[in-house]
Amino acid sequence: MSLTEGLNQILETVLPTDPSFQQIEYAVIDNCISETRRYALEGSTEAFLMSAMRLLALPDNGHTRLIPNDAITVLPLRFVSVGRSVQLVGAFPEITAPRGELIAVNGTALSQIEAKAEQFLAGTCQRKRVIGPILLAWPYALARLGISSNGGTTEYRVQDENGQITNLKVAIGNTVPGSMLYPRNEHGKDDPTWVPKTFVEIKDWQDLGLSIALPSFFAPNETTLHKAVSAAVEHVRACPNRTLLIDVRGNTGGDFLLTMPLIDAISQSASKQVVVLVDKFTFSAAIVFVAILKHRLGNRLKLIGEEMGDGLMFFAEGGLLELPTSGAVVRYSSAFHDWKNGTTDKTTPPEIARKIVPVGALKLDLEWVANCADEDADGTFYQRILSSVST
């Protein structure tokens, strides 16, 4: 097999299927296809991957993109987005790296790098902040963006919480598989191998209220998520006069239809304030979950956190392609969702179309950006939020 076969899969499956490409001029698409094909014929895997990233990013639809994580090697550093900054949160043991905010790479300010990387990243500004940090550890990507290395090393300027600046140099040949530090579904946790231990975590804070954490709707099977949702439904129905805190931070989506019983229970039983916590790692079906709740509860729902990773109008469904030779994965869309205006088109699956409602603008009631100290084992943060709502 060759890289060209991977390109052919994209051309035969993604472009004809994904309706978001219909808004892009053919000449622009053709130019990107030509570049990608040229690198494929040359057998230049990394060049092919980045060109394919640019091609798939043209519609600016975050649900359609090339995911290079399994196909590349990166420097042994983990960068994640926190608020509007990028933080160095971890490194392999052989690297002594300070934890802190990334200021520059090889003397180039982070803001300039992000501007250059825009064309390779798909989706909203928040989604780009989520998926973009892998480029900062990928030597080929830095070179493609014009961030040249000197003397065989890449230099990172990092500022810790006390304002101290460290210049960290890493040999460009010192790399590890990308997926070891950057998971396909980026969750923003320090540990890249993090997976939810449970699909629902319920805690009773007595007079303050009830918290329900929903870390993911990507269950290994419908039964697992169904059981988790059913447990949450029981608690909500048993506590109709309690303040509810729903945490969907880091929830990258899944199947929102399986969560409808919980939405129904909250809508019918919650007589007091409902608080929902969100962040830039809240995507897709998790946003739909929030949107339907907001439509039903109105002012009784208070949204706290930061702008989510998708807008209310997006393309979704579709599927995954495992590209031969390169090892990369392509996520592509097939259906239109419009939760802003509550409209559908011929691509919207009937079962989803029946649930779509006009939400309008899903604005934050309180902007708040997470940091590591906010989430301790005792649930201090949850209690603080619930206490502020109750007073």
Side-chain angles (χ1 to χ4, degrees), residues 3 5-24 29 32-33 36 45-46 48-72 81 117-135 138 141 178-179 182-188 192 195 216-220 250-257 280-288 308-311 313-337 347-349 352:
L3 295 173
E5 291 181 65
L7 175 59
N8 289 339
Q9 284 190 3
I10 294 172
L11 300 182
E12 293 168 3
T13 301
V14 181
L15 270 63
T17 303
D18 187 341
S20 65
F21 275 94
Q22 296 175 8
Q23 61 189 324
I24 309 301
I29 296 175
C32 286
I33 291 173
T36 308
T45 300
E46 291 182 299
F48 164 78
L49 292 175
M50 283 206 71
S51 294
M53 286 178 69
R54 182 166 174 256
L55 168 62
L56 293 168
L58 287 176
D60 216 15
N61 163 29
H63 284 77
T64 291
R65 61 191 182 91
L66 183 135
I67 305 170
N69 306 38
D70 294 337
I72 64 173
S81 291
E118 282 264 339
Q119 63 181 316
F120 299 97
L121 303 173
T124 65
C125 291
Q126 286 292 70
R127 184 181 279 269
K128 289 176 181 178
R129 291 188 179 106
V130 168
I131 64 178
I134 191 172
L135 300 181
W138 182 7
S179 56
Y182 297 91
R184 284 189 190 180
N185 290 325
E186 180 57 75
H187 43 63
V195 292
S216 178
F217 297 151
F218 281 113
N251 187 323
T252 58
D255 188 346
F256 83 88
L257 292 172
K280 66 169 65 67
F281 300 94
T282 304
F283 289 125
S284 193
I287 293 181
V288 171
M308 291 180 277
D310 284 319
M313 294 176 65
F314 56 86
F315 295 88
E317 312 319 312
L320 287 173
L321 291 178
E322 302 275 349
L323 299 187
T325 305
S326 69
V329 174
V330 170
R331 176 77 174 87
Y332 67 94
S333 307
S334 62
F336 178 62
H337 289 234
T347 68
T348 313
I352 291 176

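Please read all numbers here as calculations on a predicted model, not as lab measurements.
- A distance-only check finds no donor-acceptor pair linking the side chain of R129 to the backbone of S81 [under 3.5 Å].
- When all heavy atoms of Q126 and G309 are compared, the pair lying nearest together is CB-CA, 4.0 Å.
- Here the shortest heavy-atom pairing between S284 and D310 reads N-OD2, 2.9 Å.
- Judged purely by distance below 3.5 Å, without hydrogens or angles, the side chains of T64 and S333 pair a donor atom with an acceptor atom.
- In this structure, CG in L321 is found 7.5 Å from CD1 in I10, a value given to the nearest 0.5 Å.
- Between I287 and H337, every side-chain heavy-atom pair lies at or beyond the 4.5 Å cut-off.
- N185 and T252 form no side-chain donor-acceptor contact under 3.5 Å, judged by distance and modelled atom types alone.
- Rounded to the nearest 0.5 angstrom, I33 CD1 and I29 CD1 are separated by 6.5 Å.
- The distance from atom CD of Q119 to atom CG of L55, rounded to the nearest 0.5 Å, is 12.0 Å.
- In terms of heavy-atom proximity, T347 sits nearest to S334 at CB-O, 3.5 Å.
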List the steps, then state whether side-chain contact (heavy atoms from CB on, under 4.5 Å) holds for R331 with R184. CA-CA 10 Å; R331 176 77 174 87; R184 284 189 190 180; over 6 Å; no

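- What you find for E317 and P349 is that their closest heavy atoms are CG-CG, 4.0 Å.
- Between T282 and G250, the shortest heavy-atom distance links the atoms OG1-N, 3.9 Å.
- N251 is not listed as a side-chain neighbour of F281, based on a closest heavy-atom distance of 4.5 Å or more.
- Note: M313 CE to F336 CZ = 4.0 Å, rounded to the nearest 0.5 Å.
- Side chains of P68 and W138 form a contact here, defined as non-hydrogen atoms less than 4.5 Å apart.
- No side-chain heavy atom of D60 sits under 4.5 Å from any side-chain heavy atom of E118.
- Side chain of Q9 to main chain of G6: no donor-acceptor pair is present (N/O by atom type, distance under 3.5 Å, no hydrogens or angles).
- In this structure the side chain of L323 reaches within 4.5 angstrom of the side chain of L66, judged on heavy atoms.
- At a threshold of 4.5 Å between non-hydrogen side-chain atoms, the residues E12 and P16 do not count as touching.
- A141 and M50 make their closest contact through CA-SD, 3.5 Å (heavy atoms, listed as atom of the first residue, atom of the second, distance).
- The structure places CD1 of I67 at 12.0 Å from OG of S179, a figure rounded to the nearest 0.5 Å.
- Within the 4.5 Å cutoff, the side chain of V130 has heavy atoms near those of the F283 side chain.
- You'll find the side chain of V288 stays beyond 4.5 Å of the side chain of I352, heavy atoms only.
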Test L135 against M53 for side-chain contact (heavy atoms from CB on, under 4.5 Å), laying out the working first. CA-CA 12 Å; L135 300 181; M53 286 178 69; 4.2 Å; yes

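- Side chain of D18 to backbone of Y332: no donor-acceptor contact under 3.5 angstrom is found.
- Below 30°, between 30° and 60°, or above 60°: for H63 and F314 the angle between ring planes is below 30°, a parallel geometry.
- One distance of note links CG of L3 with CG of L49; it measures 7.5 Å at 0.5 Å rounding.
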